[in-house]
Amino acid sequence: MRIFSFSDPKYFKFLNSLVRSIRYSENENHIHLLLLDFNNRQQDAVLNGFKNDSKIHFDFIESVDTYGKPIKNKTNFYRNCRPRYFLKLLKEHPSDNLLTFGANGIVFKNLNFIEKQLDKNDFVFLERTKKTPDGKVIKNIGQFVDYLDTRGMDIADMFEDSWPGKLVLLGTHGIQNNIHTKSVIESWKNYIEESDNINQWFSDMSYFVRAYVEYEKKHDHTFNKSTGWDLPREENPYVDTLLGEGTNIWFAKGPTKFNNK
């Protein structure tokens, strides 16, 4: 299993802690880091900081649009470009599964528990309980699909006002390397990029759900996933946004990463 994460210079303080926590928790996996818009001095500092770890691989890129021009809205480009690199790594290392983290995470455990899950599951991520405008409680993707079906709606309608919010959180995202998962990731990438709005604000995680559901329906294929949706939120094994004691992986989303030291 290979590990991937990414950041710009501003977020590197989080990514640096994530990588060191992975190693501190006795994980010897190859780690691939996508580092966006680092100048030469910043690149040298990163390389020097990890010079003794031969299993960390760096990919320094500049954020540019499809015409090679610098992107002004870099924050959303950073968020939305990641499926491209997920797919790249899955294709370059076909015998290895992939575990991806948002930069603002901390790992407290050996990650072989996720490796074991990826031996039998196509995906590992967090599904979140949401409530629809009409009061329906939805706890996973399957329940959301049923909700749409009973109303004669298509998965593409998830972006309408009735959409109950992001059903998934991909701060931790495990992907088994197989033909089906690669097709989902490629479709996810295309949904984000073919609109010419890769640097615009929209829900990258919702596009993942759309690609996932459409693949299942089109190919009559059911993905196996481990998400912990049936557990209390504070017991989720993959993503703890509450930053509780004794959990496996913290993910400090939103302002938490700045104001909860």
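Predicted model only: the values in this text are computed from it and were never measured. Keep in mind that the numbers below use all heavy atoms, side chains included, and drop hydrogens, waters and symmetry copies.
Arg233 and Thr241 share a donor-acceptor pair across their side chains, judged by distance under 3.5 Å alone. Between the side chains of Tyr215 and His221, no donor-acceptor pair of N or O atoms lies under 3.5 Å. Tyr207 and Ser187 form no side-chain donor-acceptor contact under 3.5 Å, judged by distance and modelled atom types alone.
Within the 4.5 Å cutoff, the side chain of Phe208 has no heavy atoms near those of the Ile192 side chain. Within the 4.5 Å cutoff, no side-chain heavy atoms of Val124 are placed close to those of Gln176. Residues Ile106 and Leu18 fail the side-chain proximity criterion, which asks for heavy atoms closer than 4.5 Å. At least one side-chain heavy atom of Pro237 sits less than 4.5 Å from a side-chain heavy atom of Leu231. Proximity of Thr227 to Tyr238: side-chain heavy atoms (C-beta onward) are nowhere separated by under 4.5 Å. Considering only heavy atoms from C-beta on, Thr172 comes within 4.5 Å of Ile114 through its side chain. The closest side-chain heavy-atom distance from Ile22 to Ile31 is below 4.5 Å. The shortest side-chain heavy-atom distance between Leu242 and Phe251 does not fall under the 4.5 Å cut-off.
Screening Thr222, Asn178, Thr181 for a side chain to side chain donor-acceptor pair (under 3.5 Å) with Asp122, the sole residue that qualifies is Asn178. For the side chain to side chain donor-acceptor pair (under 3.5 Å) with Arg2, the qualifying choice from Asn97, Asp96, Thr100 is Asp96, the only one to do so.
In this structure, CG on Asp59 lies 8.5 Å from CZ on Phe4, to the nearest 0.5 angstrom. Distance check: Leu98 CG to Leu90 CG gives 5.0 Å after rounding to the nearest 0.5 Å. Atoms CD1 and CG, from Ile56 and Asn29 in turn, are 11.0 Å apart once rounded to the nearest 0.5 Å. Here the OG1 atom belonging to Thr132 is positioned 10.0 Å from the CG atom belonging to Leu148, to the nearest 0.5 angstrom. Considering CG of Asn248 and CG of Asn236, their distance stands at 9.0 Å, rounded to 0.5 Å. We find the CG-OG distance between Asn104 and Ser5 to be 8.5 Å, quoted to the nearest 0.5 Å.
Under the 4.5 Å side-chain heavy-atom criterion for ILVMFWY residues, no single connected hydrophobic cluster contains both Trp229 and Met205. Under the 4.5 Å side-chain contact rule for hydrophobic residues, Phe58 and Ile61 share a cluster.
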Show me, pair by pair, the donor-acceptor contacts under 3.5 angstrom made by side chains of residues 47-55, not counting sequence neighbours?
{"from": "Asp53", "atom 1": "OD1", "to": "Arg23", "atom 2": "NH2", "distance (Å)": "3.3"}
{"from": "Asp53", "atom 1": "OD1", "to": "Lys55", "atom 2": "N", "distance (Å)": "3.1"}
{"from": "Asp53", "atom 1": "OD2", "to": "Arg23", "atom 2": "NE", "distance (Å)": "2.7"}
{"from": "Asp53", "atom 1": "OD2", "to": "Arg23", "atom 2": "NH2", "distance (Å)": "3.4"}
{"from": "Lys55", "atom 1": "NZ", "to": "Glu28", "atom 2": "O", "distance (Å)": "3.3"}

Worked verdict on Ile249 versus Val239 for side-chain contact (heavy atoms from CB on, under 4.5 Å)
CA-CA 6 Å; Ile249 302 168; Val239 180; 5.9 Å; no
Decide side-chain contact (heavy atoms from CB on, under 4.5 Å) for Ser17 and Tyr24; before the verdict, give the C-alpha distance in whole Å, the side-chain angles of both, and the deciding distance to 0.1 Å.
CA-CA 10 Å; Ser17 297; Tyr24 184 81; over 6 Å; no
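Considering only residues two or more places apart in sequence or on other chains, Asp8 meets the side-chain hydrogen bond (donor to acceptor under 3.5 Å, both in side chains) condition with none of them. In this structure, the side-chain hydrogen bond (donor to acceptor under 3.5 Å, both in side chains) partners of Asn121, at least two apart in sequence or on a different chain, are Gln117. Applying the ring-ring contact (aromatic ring centres under 6.0 Å, His included) test to His93 and every residue at least two apart in sequence or in another chain returns His32. For Thr247, the side-chain hydrogen bond (donor to acceptor under 3.5 Å, both in side chains) partners at least two apart in sequence or on another chain are Asp240, Trp250.
Connectivity analysis of hydrophobic side chains (ILVMFWY, heavy atoms under 4.5 Å, direct or indirect) links Tyr11 to Phe14, Phe258.
Ring centers of His173 and Phe101: at least 6.0 Å apart, outside the cut-off. Aromatic pair Tyr78/Phe6: centroids not less than 6.0 angstrom apart.
Looking only at distances, no side-chain donor or acceptor of Glu216 sits under 3.5 Å from a matching main-chain atom of Val213. A donor-acceptor pair under 3.5 Å links the side-chain atoms of Ser21 to the main chain of Val107, judged by distance alone. Counting only distance, with no hydrogens or angles, the side chain of Arg210 and the backbone of Ser206 share no donor-acceptor pair below 3.5 Å.
Between Lys182 and Glu186 there is no salt bridge, since none of the side-chain N atoms of the basic residue sits less than 4.0 Å from a carboxylate O of the acidic one. Ion pairing between Lys10 and Asp37 fails under the 4.0 Å rule for side-chain N and carboxylate O.
Between Tyr212 and Phe123, the ring planes are tilted. Angles from 30° to 60° get that label.
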